[in-house]
Peer 1: 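Let me begin by handing over the structure; questions about it come next.
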Amino acid sequence: MTNDATLSLEDELAHWPTDEAAALATQDRLRARVRTAQSGPEPGFAGTVVGVDVAYDDERDLVAAAAVALDGVTLAVVEEATAVGRVAFPYVPGLLAFREIPTVVDALRRLGRTPDLVVCDGYGLAHPRRFGLASHLGVLTGLPTIGVAKNPFTSRYELPGEERGASSPLLDGTADGRDEVVGRALRTQKGVKPVFVSVGHRIDLDRACAHTLHLSPRYRIPETTRAADALCRRALSEARAG
DNA sequence: GCGACAG
DNA sequence: ATCTTGTCGC
């Protein structure tokens, strides 16, 4: 891998970090490649939104990933793909991408189409170093990505209103001790705990939240993530069996 | 040093 | 993430 403007997914995967120091260095090197200026696809667009998720069996050193493509308008499942591999990195808060991305990329490659948007189970900019799983995946693949997490991690927030669609800013400390907005706590269902949305790559926060709402017509968690979660668990148990 | 800490 | 039964409620 090099430091010039080009980025080779192959090289990044071939030189995947194996320790924390190398992983931190990789985040520092790739962080500047995140693109926030683009507004990204509108919710309800004529295309596919792909949800990705991963399930683990650390005992057997197995990881299963799923990529599920949904119709951007109807949310109907149009295609599914899975991949199984070896655990590439231990779980370290803040370094989740190094554990999940290699197998997720495999699953995405087995998809017979290019996603118009990828929805990740985790963070984009709402990360201690502003480079969570969604941002990392976006930079490596060049695809628009967003992160929708179930917990705020290191960020703080005020509870948004009870209504579906209500939101409040997600705040996280910056290097010089100040607070900055890194995402949004978004209520996807009335009276239900909010989800934590942040920009991954090539999309803005307003659209990231609009997509999240559109993808969550009935449950707290987006249909993309629900579908990918169910599929990767299925893939993991099949890998265990045979 | 201690606690907190996406999945 | 994962270990795990029943149970309350729409």
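The chains referred to below are lettered A, B, ... by the order of the sequence lines, with proteins before strands, and numbering in each begins at 1.
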Peer 1: Reckon A:Lys150 has a side-chain N or O less than 4.0 Å from the OP1 or OP2 of B:dA6?
Peer 2: no
Peer 1: In whole Å, what is the span from the CG atom of A:Leu96 to the P atom of C:dA1?
Peer 2: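 Answer to the nearest Å: 10 Å.
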Peer 1: In this structure, how many angstroms lie between the P atom of B:dA6 and the CG atom of A:Leu137, rounded?
Peer 2: 19 Å
Peer 1: Flag the pair A:Glu162 and A:Arg187 as a salt bridge only when some basic side-chain nitrogen lies within less than 4.0 angstrom of an acidic carboxylate oxygen.
Peer 2: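 Looking at A:Arg187 together with A:Glu162, the answer is yes, because their closest N to O distance falls below 4.0 Å.
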Peer 1: NE2 of A:His136 versus P of B:dA6: gap in Å, rounded?
Peer 2: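 For the pair A:His136 NE2 and B:dA6 P, the rounded distance is 19 Å.
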Peer 1: Over how many whole Å does the gap from A:Tyr219 atom OH to C:dC10 atom P extend?
Peer 2: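 From A:Tyr219 OH to C:dC10 P: 15 Å.
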Peer 1: Please tell me which of the listed nucleotides, B:dG7, B:dA6, C:dA1, lies nearest to the side chain of A:Glu100?
Peer 2: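 My answer, after comparing the listed nucleotides, is B:dG7.
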Peer 1: Does A:Asp58 reach a base, just sugar-phosphate, or nothing at all? Heavy atoms under 4.0 Å.
Peer 2: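 Nothing, no heavy atom under 4.0 Å.
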Peer 1: Classify the nucleic acid contact of A:Gly147 as base, sugar-phosphate or nothing, counting any heavy atom under 4.0 Å across all strands shown.
Peer 2: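 If one applies the 4.0 Å heavy-atom cut-off, A:Gly147 turns out to touch nothing in the nucleic acid.
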Peer 1: Quick one: is C:dA1 close enough that its OP1 or OP2 comes under 4.0 Å of any side-chain N or O from A:Arg233?
Peer 2: yes
Peer 1: Mind checking if A:Ala126 touches a base, just sugar-phosphate, or nothing, with heavy atoms under 4.0 Å?
Peer 2: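 It contacts nothing in the nucleic acid.
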Peer 1: The test is ring pair (Phe, Tyr, Trp, His ring centres under 6.0 Å); show your working for A:Tyr157 and A:Phe196 and say whether it passes.
Peer 2: CA-CA 10 Å; A:Tyr157 69 102; A:Phe196 304 90; 5.0 Å; yes
Peer 1: Taking atom NZ of A:Lys193 as the centre, report whether more than 12 heavy atoms of other residues, nucleotides or ligands fall under 6.0 Å from it.
Peer 2: yes
Peer 1: From the options B:dC5, C:dC3, B:dG7, select the nucleotide whose nearest atom is closest to the side chain of A:Pro93.
Peer 2: B:dC5
Peer 1: Does a side-chain N-to-carboxylate-O contact under 4.0 Å join A:Asp58 and A:Arg99?
Peer 2: yes
Peer 1: Can you tell me if A:Glu100 and A:Tyr91 form a side-chain donor-acceptor pair at under 3.5 Å?
Peer 2: no
Peer 1: Indicate whether A:Tyr91 forms a stack on B:dG7; treat it as stacked only if centroid distance is below 5.5 angstrom and interplanar angle below 30 degrees.
Peer 2: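 Taking the rule of under 5.5 Å and under 30°, the ring of A:Tyr91 does stack on B:dG7.
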Peer 1: Could you work out which one of C:dT2, B:dG7, B:dC5 sits closest to the side chain of A:Phe153?
Peer 2: B:dC5
Peer 1: To the nearest Å, how far apart are A:Glu59 CD and C:dA1 P?
Peer 2: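 My rounded result for the distance is 18 Å.
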Peer 1: Please report, rounded to the nearest Å, how far the P atom of B:dA6 is from the CZ atom of A:Arg129.
Peer 2: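 Between P of B:dA6 and CZ of A:Arg129: 13 Å.
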Peer 1: Round to a whole Å and report the spacing from CG of A:Leu95 to P of B:dA4.
Peer 2: 20 Å
Peer 1: Take atom OH of A:Tyr56 and atom C1' of B:dG7, then tell me their distance rounded to the nearest Å.
Peer 2: 6 Å
